[in-house]
Amino acid sequence: MSPPIPKDSDEHFGFRRWRAFAEALPIALLIGVFYWFFDAWIHSALTGRDFRALAFAPVPVDLTPRILVLLGALVVTVLNRVLRNERRRSLLMRFAVDHAGDAVLIVREDARILYANEAAAAHFGYPREELLEMGVTDLDPGYGTAVWPRHWRELRERRVMRLETFHRKRGGELRAVEVTARFLRFRDLELNCAFIRDISERKKAEQDLRKEEERVRSLLESTGEGIIGVDAGGLCTFVNPTALAILGYSKAEEMLGKDAHALVHHSRPDGSPLPRSECRALAALERKAGIHVDGDVFWRQDGRSFEVEYRLHPILREGKTVGGVYAFSDVSERKKSERELRETAAKLREANRLKDLFTDILRHDLMNPAAAVRSSAQLLSRIEDDPRKSKLVANILRSSDNLIELCENAARYARGAGPQALDFVERDLCALIERSIRDLEPQMREREVRIRFDRPATCGAELNPVIVDVFSNLISNAVKYGPKGGEIGIALEDEGEAWVVSVSDQGEGIPDEHKTRIFSRFERLEKQGVKGSGLGLAIAKQLVDLHSGAIWVEDGPGGGSIFRVRLPKRIPTPLRAAG
Ligand code: ADP
C-alpha cells in the first residue's frame, strides 16, 4: 500500500496552537490588568471620584471597553506568537534542509528544479541559483525528456521510489547515485522531493569486492585439487569443478546443502561404515585444528572408492568453528606406483643377493679352471715344437686370456664396484668387433650365416673390453633371429665425436611397440623355437650406458632389424678410472 500524501506543510509539520495560546495568556492578562487601572485612573482624573473606589468597586463603571481591550490584547498576542513561531519553524526547516548532509531537490512535474539545497549544489557542482534554472533531464542522462513523463506517472502511483542512476556533474563527470524520490502534493502543486546520495565509492568498493570474489572463485575453480567447503554442521557450502569431476557429480547442486561426511567419507577402505564419531576429519574440526591425511579413501557418487590425500582446515570466527575446507587429490595412481616401486625394490634386493652369489661362483668356479687352462697352455706352448699344434695352443692361450679378462671385468662390475672401477683405454673398436665375430664362428657356421663387415681404416675409442659382450650379443641375436643362410651386415659410421656401430639382419624385425621394451630385463618376444633369457639386450644396454653411449633398434630398409650402438670416442672425465 502506498503511503498517504501530506496535504501541505501546515498539517505535515503540526502546529502547536494551544502552546502559543498558553504563552500569550499571561501577557494579555497583564495588559488587561494594566488597562483596568489605567481606565480607573482616567475616570478618577476626569470625574474627581476616588481612584480606589473606581479600581476595586465591583461594577463602578461600564466594563465593556475594559473587557474588549482585554480580549483584543489576548487575540493580538496569541496571533503574534503564532506567526512568530511559524516563521521561526519554517526558517529552521529551511536551514536544516539547506544544510542537510544529503543532496535534496524538489522537482516539479515538468522536471524543473524548484528547490536545491547546498549539498545538491555541491553534488552537481553548480551554484544553487543555476540549478533552479535547470531540469532533472539536464542532470540525469537516464531520465531524459522521453522518459520523464513515464517516471512521473510511476512516482505518482507508487508515492515513494528508491532508484539507482547516474548524475552528470558540471564538467561531465558521471557519479553513481541512489535517489529516494517522494511524491508530495502541496496545495495545487505536484512535487517530487528527492534525496540524493552519492554511492560511487560504495559502487567501486562493491565492484572491487566482486572482482576479488571472482578472482578467488576462478582460483578455486582452476586448481587441480578438489575443494569442498563445509559449514559448522558439516554441510557442503562450496564445491569446485575438480571436486565434482573426481567424485563423479555433474553439478554442484547435487552436493550443496548435503552432509559431506555422508557423501564422500562414509565408509572405511574395506567398505565397513565409518561412524561420524570415529571420523578423524570431523574430530579435527571439533578441535579447531587442521589435519593432513595421506592414505584414506573417499567415495564417488557411483559407490566406488579412490585413494585420497586430503587436508582439512577449520574456518574460525571469533574463536568459534564456523566451517572447514577440504582440499583433496585422487592419489590412486601415485599409490599404485609407490606399491610397484616397493615391490621392485624388494625384487632388486633379491636380485642383488643372487648377483653376489653369482659373482662368487664366477670368481671361484670359473676363474680357477680358466687360470688352470691358461697355465697349462703356457706350459704346452713352451714345449710344443709342431707348428700346427703350437698354433692351436696359441688359440687356447688367447681365448683363455679373453675369458679371464672378461670374468674379471664382469665380476668387478657385478660386485657393484661401479663404472669408476672400469678402466677406459684407447682401443681398436674394429678389433673388438672382430673378436666377437671370431668367437661366434661355430654358431654362424651352423646357421650358414655370412658376415659382411665394412671396417674403416682406423677406429680408435676409449673402451673397456666388456664392450665385446655388446657386439657378441647383437651378432648372436642376428644369427638366432635371422634366417638360415642369411647375411649379417656390420658397419661403422664416424660421427666425429662418436662411432655408431650398426648390426643388421634379414629377420622378421621388431614391431614398434616392442622396440624399447626389449632392452629391459627378461623381456622376450614370442619367437618360436629360439632359446634365450631375455637378458642379453638389457646387459648390452647397461654396458653401453657405462660408456656414456646409446643403443637402439630400427627397421631395416628391406625388412629385418638394424641395431645401432653409439659410443663416444672420449669417455667423460668422471667416468674414467682413477689413476
Ligand atoms: P634373448 O635373445 O636371450 O631372448 P635378448 O635380450 O638378447 O634376449 O633379446 C630380447 C628379445 O628381443 C628377444 O627375445 C627377441 O624377441 C628380440 N630380439 C632381439 N634381437 C632380435 C633380432 N635381431 N631380430 C628380432 N628380434 C630380436
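Ligands are counted one by one from 1 in listed order, and the atoms in each one are counted from 1 as well. What you see is a predicted model; the values in this text were computed from it and never measured.
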Q) Looking only at N/O atoms, are L537 and ligand 1 under 3.5 Å apart anywhere? A) yes
Q: Test ring-ring contact (aromatic ring centres under 6.0 Å, His included) on H313 and Y326 and set out the steps.
A: CA-CA 7 Å; H313 298 282; Y326 287 89; over 10 Å; no
Q. Would K335 and D294 pass as an ion pair if we require N to O under 4.0 Å?
A. yes
Q. So does R388 pair up with D386, basic N to acidic O under 4.0 Å?
A.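 No, this pair does not count.
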Q: Assess K480 for proximity to ligand 1: is some non-hydrogen atom of it under 4.0 Å away?
A: yes
Q. Is the closest heavy-atom distance from F563 to ligand 1 below 4.0 Å?
A. yes
Q. If you measure from each non-hydrogen atom of L474 to ligand 1, which part falls under 4.0 Å: side chain, backbone, both or neither?
A. neither
Q) If you measure from CD1 on I467 to CG on L546, what distance do you get to the nearest 0.5 Å? A) 8.5 Å
(Q) At less than 4.0 angstrom from any non-hydrogen atom of N473, what atoms of ligand 1 do you find? (A)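 Close to N473: 7 (O).
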Q | Within 45° cone of W499 ring axis and under 6.0 Å: K569 NZ or CZ | A | yes
